[in-house]
Protein chains: 2
Amino acid sequence: MATQRGRTGKGNGKANPAEDEAVYQAILHALLEGKLKAGTKLAEPPLADIFGVSRERIRKVLHRLGAERRLEMIPNRGARVPRPTLDDVRSVYEAHRVLEAGVLTQLVRHVDDALIERLNAHLAEERAAATRGDRAASVRLSGAFHVHLVEALGNAELSRFLADLLSRSSVMVSVYEPATDSICAVDEHGAIVEALRARDVARAIAVSREHFLHVESRLHLDDDTTPAAEDLTVVFGAVKPKRRKAR
Amino acid sequence: MATQRGRTGKGNGKANPAEDEAVYQAILHALLEGKLKAGTKLAEPPLADIFGVSRERIRKVLHRLGAERRLEMIPNRGARVPRPTLDDVRSVYEAHRVLEAGVLTQLVRHVDDALIERLNAHLAEERAAATRGDRAASVRLSGAFHVHLVEALGNAELSRFLADLLSRSSVMVSVYEPATDSICAVDEHGAIVEALRARDVARAIAVSREHFLHVESRLHLDDDTTPAAEDLTVVFGAVKPKRRKAR
DNA sequence: CTCGCAGAAAATGTGCACATTTTTTGGAGG
DNA sequence: CCTCCAAAAAATGTGCACATTTTCTGCGAG
């Protein structure tokens, strides 16, 4: 009865954009969180089952994620979590590095005390998280630092591009995990702010560059390439278990 | 007979990805070419009629273009050609400027004679088009110059971002047409190459910056804001007139 | 035991029939 | 002549029933 199968089941096309968004967010979140391992197949029927929505709903979301290049869509063969190569990862880091060089170049023209103050406040947060040993917060704040830099320019296009790069690299760390030990070097962030305060473009760029190369160097290839079969019901554990399949 | 309307028309789900692509390309092309004025409503039924495909096909393409932010999608209200504000345009130009600063910074580390030679060859083409008075070619080559620069880095992410910016600004010129007179200053491109050859980062960036500001300054607001109602059959004139409506 | 290959099962792709908005139309009243 | 409002018309959104394609399965030949 759960889904009224009686009759020919004429469409009752009731609009519910929030539901689309919920499914989208759930899958995206699982993706960014690294809960979905690279190579995992995302089939429509099981997902529709798990979220308790129609298959069309799932289909639309999957295609959207594909258009955003967060999923790999193959015609007639469905969606898979992409398995980035090491070169892909380097490409993303390099892009971030190049972008930040441009951002810093532009930023030194607009630095003011207020900006420096805001950045320093952020650095304080980072240090607090580091000494606290809160790794999750450290990772998050580390990325947020670069977001702060680009957002200081107030350019929506650039901000969006950076957000795209960050989300993509955050997925990648789950494949090429950058060593769980020491955290992203808050001091390097501090050095960037210091160079900015001094209006020293060359130094800011140099420090930023070193920072990225440092992070990049920590990447190591996990050649075990786990076949990565996964149980989706576990990943999206009890999100909206309207219906289930017995089998 | 063209589209077998007899029977209840049960789904004949024959896959034809090429058709999707054709419709997508047709609309995208019209958009980039500036044939679709800002604010134009793109309704599904007429488009389906013009291209001779099902409405679902059109719908999918429209949503895809919306996801790429080339069309403005409003829930329950369909797709419209976006009407960028002057600030939007400036934002795109600024993003391009900032990005190129980063690209040049990175590029001076990898310049070699072969690259300089390629760029000079391109400049020769630009000059030829300019003296020939071929405005269309000039505009195209002017954009291609910047593409050459970023592609010299061989970074797919950066190339994609630039392509995105360029395609967006090309749409915008149809709204804020940057004076049909003198062309994009080939000399400024030449100065960038010259600075690259000399490995002079600061100068390259400065020249590039001036170049963009120069182009930006030519933008002028067309406040006439044409109501822009348009006949789609004219825009997509006889692309695939399988069926037509009499009315 | 491996390989190959039908047949079955499952998954993806598409048109269509509606439900739900939104937009247009046509007067009635001020 | 303009404004407001209800009914009609048109457009968008959604589930579903298929067709098509891919993947899985079982079994027999080498």
Side-chain angles (χ1 to χ4, degrees), chain A residues 2-24 39-67 71-80 227 229 232 242-243 245-247, chain B residues 2-24 39-67 71-80 227 229 232 242-243 245-247:
Chain A
T3 50
Q4 64 184 115
R5 325 189 54 254
R7 284 290 109 217
T8 57
K10 52 250 327 251
N12 73 333
K14 65 170 168 182
N16 192 346
E19 213 163 66
D20 278 64
E21 196 59 19
V23 174
Y24 173 79
T40 306
K41 170 80 183 293
L42 292 181
E44 299 168 9
L47 288 175
D49 212 31
I50 291 172
F51 289 101
V53 301
S54 75
R55 189 166 70 84
E56 318 293 308
R57 213 58 85 85
I58 298 291
R59 155 176 283 272
K60 201 166 66 167
V61 169
L62 252 37
H63 279 267
R64 176 176 165 194
L65 287 166
L71 289 181
E72 190 177 352
M73 301 296 298
I74 308 176
N76 289 321
R77 297 188 48 181
R80 306 193 87 91
L232 295 179
K242 279 190 178 174
R243 18 171 175 165
K245 210 181 217 169
R247 285 225 66 174
Chain B
T3 50
Q4 64 184 115
R5 328 188 53 250
R7 284 295 106 222
T8 58
K10 52 257 320 256
N12 74 333
K14 64 172 168 183
N16 193 347
E19 213 164 66
D20 277 63
E21 196 58 22
V23 174
Y24 173 79
T40 307
K41 170 80 182 296
L42 292 182
E44 298 168 9
L47 287 175
D49 210 31
I50 290 172
F51 288 102
V53 302
S54 75
R55 190 166 70 87
E56 318 294 306
R57 210 62 82 88
I58 298 291
R59 154 175 283 272
K60 201 166 66 168
V61 170
L62 252 36
H63 278 267
R64 177 174 164 197
L65 287 165
L71 288 181
E72 191 179 349
M73 301 294 299
I74 308 176
N76 289 320
R77 298 189 46 180
R80 307 191 86 91
L232 295 179
K242 277 187 179 176
R243 18 171 174 161
K245 210 182 221 172
R247 283 233 66 178

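All values below come from the heavy atoms of this structure, side chains included, with hydrogens, waters and symmetry mates left out. Chain letters run A, B, ... following the sequence lines, proteins first, then strands; residues in each count from 1. Please read all numbers here as calculations on a predicted model, not as lab measurements.
Between Arg77(B) and dA11(D) there is no side-chain N or O to OP1 or OP2 distance below 4.0 Å. Within the structure, every side-chain polar atom (N or O) of Arg55(A) is placed at least 4.0 Å from both OP1 and OP2 of dA11(C). The shortest distance between the side-chain N/O atoms of Lys60(B) and the OP1/OP2 oxygens of dT14(C) is below 4.0 Å. Remark: Lys41(A) is not in phosphate contact with dT23(D), judged by side-chain N or O atoms under 4.0 Å from OP1 or OP2.
Atom CD1 of Ile58(B) and atom C1' of dG13(D) are 16 Å apart (whole Å). Across the protein-nucleic acid pair, Arg59(A) atom CZ and dT14(C) atom P stand 7 Å apart, rounded to whole Å. Distance, Glu44(B) CD to dT14(D) C1': 12 Å, rounded to whole Å. As rounded to whole Å, 19 Å separates atom P of dG13(C) from atom CZ of Arg57(A). Computed from coordinates, the Arg64(B) CZ to dG13(C) P distance equals 14 Å when rounded to whole Å. Atoms NE2 (His63(A)) and C1' (dG13(D)) sit 17 Å apart, rounded to a whole Å. Between the CD atom of Glu19(A) and the P atom of dG13(D) there is a distance of 16 Å, rounded to whole Å. Computed from coordinates, the Asn76(B) CG to dT23(C) C1' distance equals 12 Å when rounded to whole Å.
A cation-pi contact links Arg64(B) to Tyr24(B), judged by a cut-off of 6.0 Å to the six-membered ring centre and 45° from its axis.
Taken from NE2 in His63(B) to NZ in Lys60(A), the straight-line distance is 6.5 Å, to the nearest 0.5 Å.
Across every non-hydrogen atom of Thr40(B) and Leu232(B), the tightest pair is CG2-CD2, 4.3 Å.
Qualifying side chain to side chain donor-acceptor pair (under 3.5 Å) partners for Glu21(A), counting only residues two or more places apart in sequence or in other chains: Gln25(A). Shown here are the salt bridge (charged side-chain N to carboxylate O under 4.0 Å, His left out) partners of Arg59(B), two or more places apart in sequence or in another chain: Glu44(B).
Residues Arg80(A) and Leu42(B) both approach DNA chain D. Their nearest nucleotides, taken by heavy-atom distance, put Leu42(B) toward the 5′ side.
Using a 4.0 Å heavy-atom distance criterion, Glu56(B) is classed as a base contact.
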